[in-house]
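See structure below.
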Amino acid sequence: MTATLDTTAEAENKPAAGEIPSFDVTLKIQRFSPEVGPDPWWDEFTITVHGTDRVLDALHKIKWEDDGTLSFRRSCAHGVCGSDAMRINGRNRLACKTLLKDVNPDKPIIVEPIKGLPVLKDLIVDMEPFFASYREIMPFFINKGNEPSKEHLQSSEERERFDDTTKCILCAACTSSCPVFWTDGQYFGPAAIVNAHRFIFDSRDDGATQRLEILNDKEGVWRCRTTFNCTEACPRGIEVTKAIQEVKRAMITRAF
Amino acid sequence: MQTHQYDVVIVGAGGAGMRAALEASGEVRTAVITKLYPTRSHTGAAQGGMCAALANVEEDNWEWHTFDTVKGGDYLVDQDAAEIMAKEAIDAIIDLEHMGLPFNRTPEGRIDQRRFGGHTRNHGEAAVRRSCYAADRTGHMILQTLYQNCVKQDVEFFNEFYVLDLITDHDLSTEDMADGAEVNATGVVAYDLATGEIHVFQAKAIIFATGGAGKIFKTTSNAHTLTGDGMALALRRGFPLEDMEFFQFHPTGLAGLGILLSEAARGEGGILRNSDGERFMERYAPTIKDLAPRDIVARSMANEVREGRGCGPNKDYVLLDLTHLEPSHIDAKLPDITEFARTYLGIEPYTDPIPVYPTAHYAMGGIPTNVEGEVLRDSHNVVKGLFAAGEVACVSVHGSNRLGTNSLLDINVFGKRAGRSAAAYSKTASFHDLPADAADRTIAQLDEMRDRPEGERVAEVRKALQETMDANAQVFRTKESLDQALADIRELQARYKNVSVQDKGQMFNTDLLEALELGFLLDLAEITVVAAINRKESRGGHYREDFPDRDDTNYMLHTMTYRRPATAGDTVDGTVENYFDHVEEFGDYKIVLGSKSVTQTRYEPMERKY
Ligand SMILES: Cc1cc2nc3c(=O)[nH]c(=O)nc-3n(C[C@H](O)[C@H](O)[C@H](O)COP(=O)(O)OP(=O)(O)OC[C@H]3O[C@@H](n4cnc5c(N)ncnc54)[C@H](O)[C@@H]3O)c2cc1C
Ligand code: SF4
Ligand code: FES
């Protein structure tokens, strides 16, 4: 299917992008719907977009003006809610954070669902397995002592120690870019380890031993083969591989 | 169709919903129904902070915080509620810290605090450091922390379920109820996005925590999913909405996009400049300048642009200047928002000022509640078993203009209170029978929308709505502009009856849900504009150029808007205050405007100067 839509009216309202004119772009999107048939198929759409439009704008344009059945998740539209991780030209990204002009619009832009999780419809995958491994690492603060009447004290350095991993928005871009996760659905995956890291390195938390035990499992951190796909994929710029390495090291150095 | 029974059903899993869930789920059988995965809720987008007079870095106390809240809201705030919020703020912050929230720290290891618009020392003397924060992702940390604790507490979620109807034992949209008569909320009807199946939830207590309605405007900091569902459902069931004319336009949205750059940017020293490079806020708010409350800054910006001192090729925005700040300071305190400027506008904030313009941000109005979170069905009668908290509700702690950081506070304080009240109520109450046809209205609505073979596109109607709201009901309003908006909305309501969806399937039919969400938006935009037409004064976020002054004699009142059948009388009921006595007739229904008095305790209204 090919469609050309005129979107100049929309474009006129966009600001400050004088130098980047509108251009045409083709999206080649992997489609699937169990209500249509058992196999996925590809659709191509050619649309006119504005210089500062993102992949999410293009998907909206297609859905709103051409094919309402195209299905994807989204909410915040500026990279903070984690709804719209997808494979864009073979790389996991958030559609709302990926400018079309930055993904070589001269060739069709290939859009697919993230890999390793069951596809339910078009770009929507089943997130339950992802959240299940997140829940397994006890992703919550555990504090055994008496609660202080005010806040726990924590130095800025101690706070900084786990800052990077607090940024996670659970988008699954990392986990679904991991070759180990693709072949072994049991592996906890980088996102779960990132969230364990967030607590293991929090000076106020007392649950590190339990979490390290969980991650010492055969499907835990040791499955990581340090391919750095996850770090590259993370839209929040979290050094995912480094976090996994730090958890591995903690396992060796902390007696439990 | 499936049916479920819970003591407490919470609709919405943002900050307010999850804070309520943490209270209720330990006590009684609780379910949380949410159209998004909890961590996708828009609370996660909040950046700047949450205020509490901890006095960790300088002298402060809750009474000053109360005063700022009341004054910031241009005295339309219920002062008893504001006082509760400011007092309980301190425990709310400590609660969050004890749940693990990683706040930024002072050199002594205490929770750090920074300045924020409208928060002052000793009743306006100077800006005070009151906002507790975690870099510029405070909302993200709150949402994550609350979700983590819900996981810890094994809270039961129904994710990607859309609540599409509220069931009550009396339908106030068709029935008049006498003063004091009992009305009970008995359940909700939800649609499972994954399968298209209908689920009916019977509950002793229901908490609405569905967030805001920013998508009635085109330029907004709100998520695509903030379509005001809870407010619209309450309205359709005959419950009033309070103060809907008051919508906050946040000064610093990325120009043209609406993506928010937190006020923290100005709290950390950022300055607004016009095309002459002038720090124009010095003219409008000589004392606190760029940190004046949002309504004042937004209007000042819009006025600079109107008077030809805007920047850029079309002179349609002003600049937020951070270039005098150390890059390391920017990285430490404002990492996310500076990245937004880089990603979406290609601007490097270290060296170049950022184009900004006001963006629709926050609904001060909503479902009226008392301080226990109980929903009111008029100026004083509560609906049994119905509670609301968060942006969907109007307590009213924000009056006509919310201060920055007071919403994250609101969702924590009143989310907790609503959760506690609902749990306590459900322990004493019993289930009410649901009518056999409880889901029929919803099913009929879905079928009609899905089966309509051909018609207009949802996106076109929605775009027209958002454009007229931006053009006619934004920062500056007049009778003419609002009449135009209302006429447009009337026409769009008619066109809405003829929209159709292309996706006819059952699974993940987001096409269908967007159509229903548009229905909510239209109803809310209509109410907003009618209430704005009625309020012939300027106060807080509502600015009428044809009535530029605050008029305490006639308008020191909350607006209560009711949607009633065309055949009903023009008062809500004989005993209810109906001061405004303003009625707009629309074919099969009409909108009746009543009022509710403002609770004043400590503070006499004064002129609001900064
Ligand atoms: C960009 C931005 C920055 C902000 N920064 C700050 C700040 O620094 N400080 C501050 O105090 N405030 C800030 N605010 C305001 C504040 O974040 C919000 O007002 C607050 O988070 C609202 O929380 P909530 O729980 O009421 O709603 P939300 O977090 O929006 O949650 C709504 C929930 O309702 C659910 N829902 C909605 N409709 C339905 C339905 N029909 N069926 C089922 N579920 C439904 C959704 O799934 C979601 O879980 C900011 C707002 C924005 C937009
Ligand atoms: S670590 Fe990064 S990529 Fe992985 S889930 Fe979190 S935010 Fe997404
Ligand atoms: S839509 Fe929220 S991250 Fe992209």
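Labels below follow one simple rule: chain letters A, B, ... track the order of the sequence lines, proteins then strands, and each chain is numbered from 1.
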Checklist line | Gap separating the CG atom of D67(A) from the CG atom of D511(B), nearest 0.5 angstrom | finding: 8.5 Å
Check: Side chains of R73(A) and F508(B): does their closest heavy-atom pair fall under 4.5 Å?
Finding: yes
Next item on the list: Flag the pair E514(B) and R74(A) as a salt bridge only when some basic side-chain nitrogen lies within less than 4.0 angstrom of an acidic carboxylate oxygen.
Entry: yes
Margin query: On a heavy-atom basis, which atom in A459(B) and which in W64(A) lie closest, and how many Å separate them?
Written below: CB-CB, 3.3 Å
Next item on the list: Determine the option with the most heavy-atom pairs under 4.5 angstrom with chain A, choosing from Q144(B), Q148(B), M141(B).
Entry: Q148(B)
Check: What part of S33(A) lies closer than 4.5 angstrom to a heavy atom of chain B: side chain, backbone, both or neither?
Finding: neither
Margin query: Within this structure, what is the CZ-NZ distance for the pair R110(B) and K150(A), rounded to the nearest 0.5 Å?
Written below: 5.0 Å
Next item on the list: Find the distance between NZ (K121(A)) and OG1 (T510(B)) and round it off to the nearest 0.5 Å.
Entry: 6.0 Å
Check: Looking at E35(A) and K504(B), does any basic side-chain N land under 4.0 Å from a carboxylate oxygen?
Finding: no
Item checked: Any donor-acceptor pair under 3.5 Å from R457(B) side chain to E65(A) backbone -> yes
Item checked: CD1-CD distance between I124(A) and E160(B), expressed to the nearest 0.5 angstrom -> 7.0 Å
Check: Do you know the tightest heavy-atom contact between L257(B) and R54(A)?
Finding: CD2-NH2, 4.2 Å
Next item on the list: Sort out for me which of R204(A), R135(A), E147(A), R198(A) touches chain B most, counting heavy-atom pairs under 4.5 Å.
Entry: R204(A)
Notebook entry, point to check: Between H140(B) and chain A, which part of the residue has a heavy atom less than 4.5 Å away: side chain, backbone, both or neither?
Noted result: side chain
Next item on the list: Using non-hydrogen atoms and a 4.5 Å limit, figure out which bit of T219(B) sits close to chain A: side chain, backbone, both or neither.
Entry: neither
Notebook entry, point to check: Closest approach of P102(B) and R159(A), non-hydrogen atoms and distance?
Noted result: O-NE, 3.0 Å
Check: For the residue pair Y134(A) and V151(B), what are the closest heavy atoms and their distance?
Finding: CE2-CG2, 4.5 Å
Note to self: Quick check for you: to the nearest 0.5 Å, what is the distance between H42(B) atom NE2 and C81(A) atom SG?
What the structure shows: 8.5 Å
Next item on the list: With a 4.5 angstrom heavy-atom cut-off, could you sort out which part of M99(B) is near chain A: side chain, backbone, both or neither?
Entry: backbone
Checklist line | Salt-bridge criterion met for K63(A) and D503(B) (N-O under 4.0 Å) | finding: no
Check: Which atoms of N104(B) come close to chain A, meaning under 4.5 Å heavy atom to heavy atom: side chain ones, backbone ones, both, or neither?
Finding: both
Checklist line | E128(A) atom CD, over 12 foreign heavy atoms within 6.0 Å | finding: yes
Notebook entry, point to check: Do the rings of Y37(B) and F131(A) sit parallel, tilted or perpendicular, given the 30° and 60° boundaries?
Noted result: parallel
Checklist line | Point-to-point distance, once rounded to the nearest 0.5 Å, from OG of S155(A) to CD of E108(B) | finding: 11.5 Å
Check: Based on non-hydrogen pairs under 4.5 Å, which of I347(B), I93(B), D336(B), L143(B) is most in contact with chain A?
Finding: D336(B)
Next item on the list: Would you mind telling me which of L170(A), I169(A), V80(A) makes a side chain to side chain contact (heavy atoms under 4.5 Å, CB included) with R40(B)?
Entry: L170(A)
Checklist line | Interface moiety of I111(B) toward chain A, non-hydrogen atoms closer than 4.5 Å | finding: both
Notebook entry, point to check: Is there a donor-acceptor pair closer than 3.5 Å between any side-chain N or O of H98(B) and the backbone N or O of H152(A)?
Noted result: no
Next item on the list: Go through E158(A) and R105(B) one step at a time and tell me if the salt bridge (charged side-chain N to carboxylate O under 4.0 Å, His left out) criterion holds.
Entry: CA-CA 10 Å; E158(A) 286 167 337; R105(B) 299 287 169 158; over 6 Å; no
Note to self: How close do L99(A) and T343(B) get, counting heavy atoms only, and between which atoms?
What the structure shows: CD1-O, 3.4 Å
Check: Who wins among G82(A), C171(A), G237(A), A77(A) for the most heavy-atom pairs under 4.5 Å with chain B?
Finding: G82(A)
Check: Between Q502(B) (side chain) and D66(A) (backbone), is there a donor-acceptor pair under 3.5 Å?
Finding: yes
Margin query: Looking at chain B, which one of E160(A), M138(A), R236(A), E157(A) has the largest number of heavy-atom pairs inside 4.5 Å, strictly under?
Written below: R236(A)
Notebook entry, point to check: For R137(B) and D163(A), which heavy atoms make the closest approach, and how far apart are they?
Noted result: NH2-OD2, 3.7 Å
Next item on the list: Kindly indicate, with the supporting measurements, whether the criterion side-chain contact (heavy atoms from CB on, under 4.5 Å) is fulfilled by E97(B) and Q154(A).
Entry: CA-CA 11 Å; E97(B) 202 278 339; Q154(A) 181 169 56; 5.8 Å; no
Checklist line | N56(B) portion near chain A, given a 4.5 angstrom heavy-atom threshold | finding: side chain
Item checked: Best-contacting candidate, L101(B), N509(B), L260(B), L54(B), against chain A by heavy atom pairs under 4.5 angstrom -> L101(B)
Next item on the list: Kindly say whether the aromatic ring centers of H78(A) and F340(B) come within a distance under 6.0 Å.
Entry: yes
